[in-house]
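Residue numbering restarts at 1 for every chain, and letters A, B, ... go by the order of the sequence lines.
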Amino acid sequence: MEDFPASVWALVRRIPRGRVMTYGQIADALGCFGRARAVGFAMRRAPHDVPWHRVVSSRGVISPRPDTGSMREQRRRLEAEGVSFDAEGRMDLRAHLWEP
DNA sequence: GCCTTGACCGCAA
DNA sequence: CTTGCGGCCAAGG
């Protein structure tokens, strides 16, 4: 894996069902601390076979994306996988956060 | 090759 | 708790 997006997608694909990962954690796992922004860019360019819905921002909050409909779909999918959401739209990272 | 934008993060006020 | 500022990297115009 040499391309940044490809590495991100590969890692995201590794995320088990019912588990989530933060942008910063993904960036750190790739050996880049503070490069979370690039991860977001890679997600935007991510193919449909990438479970992008398991990728959330820090604090377990779903970051506002250009596609509002997809954001709603993300929460719905995570709930279907067993991820519980707070009234504020936040999830328990302590219980759902997955680390490789 | 430079400038702008963006699904971010962490800390400080 | 909320808001603001700086910094990092990648892709598109």
Side-chain angles (χ1 to χ4, degrees):
Chain A
M1 289 301 186
E2 292 160 349
D3 296 317
F4 196 82
S7 305
V8 175
W9 302 334
L11 185 57
V12 173
R13 275 188 262 248
R14 275 202 229 167
I15 303 178
R17 189 170 172 277
R19 242 15 115 65
V20 293
M21 226 171 156
T22 67
Y23 295 91
Q25 193 176 2
I26 293 173
D28 187 30
L30 294 177
C32 306
F33 179 76
R35 285 98 173 140
R37 219 165 190 173
V39 177
F41 242 90
M43 291 280 94
R44 190 175 178 278
R45 290 270 135 197
H48 86 288
D49 58 298
V50 177
W52 51 266
H53 57 273
R54 291 182 191 154
V55 182
V56 295
S57 65
S58 293
R59 300 208 196 4
V61 193
I62 300 178
S63 307
R65 315 187 310 262
D67 306 304
T68 331
S70 297
M71 176 173 60
R72 201 153 51 103
E73 184 69 21
Q74 175 174 18
R75 175 172 175 171
R76 200 179 74 97
R77 273 191 152 188
L78 289 174
E79 287 181 321
E81 293 187 355
V83 179
S84 53
F85 276 83
D86 194 330
E88 303 175 10
R90 306 188 299 192
M91 64 194 82
D92 193 346
L93 288 180
R94 292 299 161 194
H96 301 295
L97 186 61
W98 176 76
E99 30 195 323

Taking atom CZ of A/Arg75 as the centre, report whether more than 12 heavy atoms of other residues, nucleotides or ligands fall under 6.0 Å from it.
yes

What residue pairs, at least two apart or across chains, pass side-chain hydrogen bond (donor to acceptor under 3.5 Å, both in side chains) with a residue in residues 56-65 of chain A?
A/Ser57-A/Ser63, A/Arg65-A/Gln74

For residues 12-26 of chain A, which residue pairs qualify under side-chain hydrogen bond (donor to acceptor under 3.5 Å, both in side chains), counting only residues two or more places apart or in two chains?
A/Arg13-A/Asp49

Do the side-chain N or O atoms of A/Arg37 get closer than 4.0 angstrom to the phosphate oxygens (OP1, OP2) of C/dC9?
no

Considering only Ile, Leu, Val, Met, Phe, Trp and Tyr, and joining two whenever side-chain heavy atoms are under 4.5 Å apart, list the other residues clustered with A/Val61.
none

Non-neighbouring partners of A/Arg45 that pass side chain to side chain contact (heavy atoms under 4.5 Å, CB included), sequence neighbours left out:
A/Trp9

Which residues in residues 45-64 of chain A have at least one heavy atom lying under 4.0 Å from any atom of DNA chain B?
A/Trp52, A/Ser57, A/Ser58, A/Arg59, A/Ser63, A/Pro64

Of the residues in residues 68-100 of chain A, which ones touch DNA chain B at a heavy-atom distance under 4.0 Å?
none

Side-chain heavy atoms of [X] within contact of [Y], under 4.5 Å:
X       : Y       : value
A/Val50 : A/Pro47 : yes
A/Arg35 : A/Leu30 : no
A/Val12 : A/Met21 : no

Of the nucleotides C/dC9, B/dA7, B/dC9, which one has an atom closest to the side chain of A/Met43?
B/dA7

Output the single nucleotide from B/dC8, B/dA7, C/dA11 whose closest atom is nearest the side chain of A/Pro66.
B/dA7

Once you round it to whole Å, what is the distance between [atom2] of [N] and [atom1] of [X]?
X       : N      : atom1 : atom2 : answer
A/Arg44 : C/dG12 : CZ    : C1'   : 10 Å
A/Phe4  : B/dG6  : CZ    : C1'   : 14 Å
A/Phe41 : B/dC9  : CZ    : P     : 15 Å
A/Arg35 : B/dG10 : CZ    : P     : 13 Å
A/Arg65 : B/dC8  : CZ    : P     : 10 Å

Distance-only check: which donor-acceptor pairs under 3.5 Å involve side-chain atoms of residues 89-100 of chain A, not counting sequence neighbours?
from	atom 1	to	atom 2	distance (Å)
A/Arg90	NE	A/Glu88	OE1	3.3
A/Arg90	NH2	A/Glu88	OE1	3.1
A/Asp92	OD1	A/Arg94	N	3.0

So, A/Glu79 and A/Arg76, do they make that salt bridge, N to O below 4.0 Å?
no

Run the side-chain hydrogen bond (donor to acceptor under 3.5 Å, both in side chains) test against A/Arg72 and tell me which residues pass, sequence neighbours left out.
none

What would the secondary structure line of DNA chain C be in dot-bracket form, counting Watson-Crick and G-U wobble pairs under 3.5 Å, with [ ] for pairs that cross earlier ones and | for pairs with another strand?
.||||||.|||||

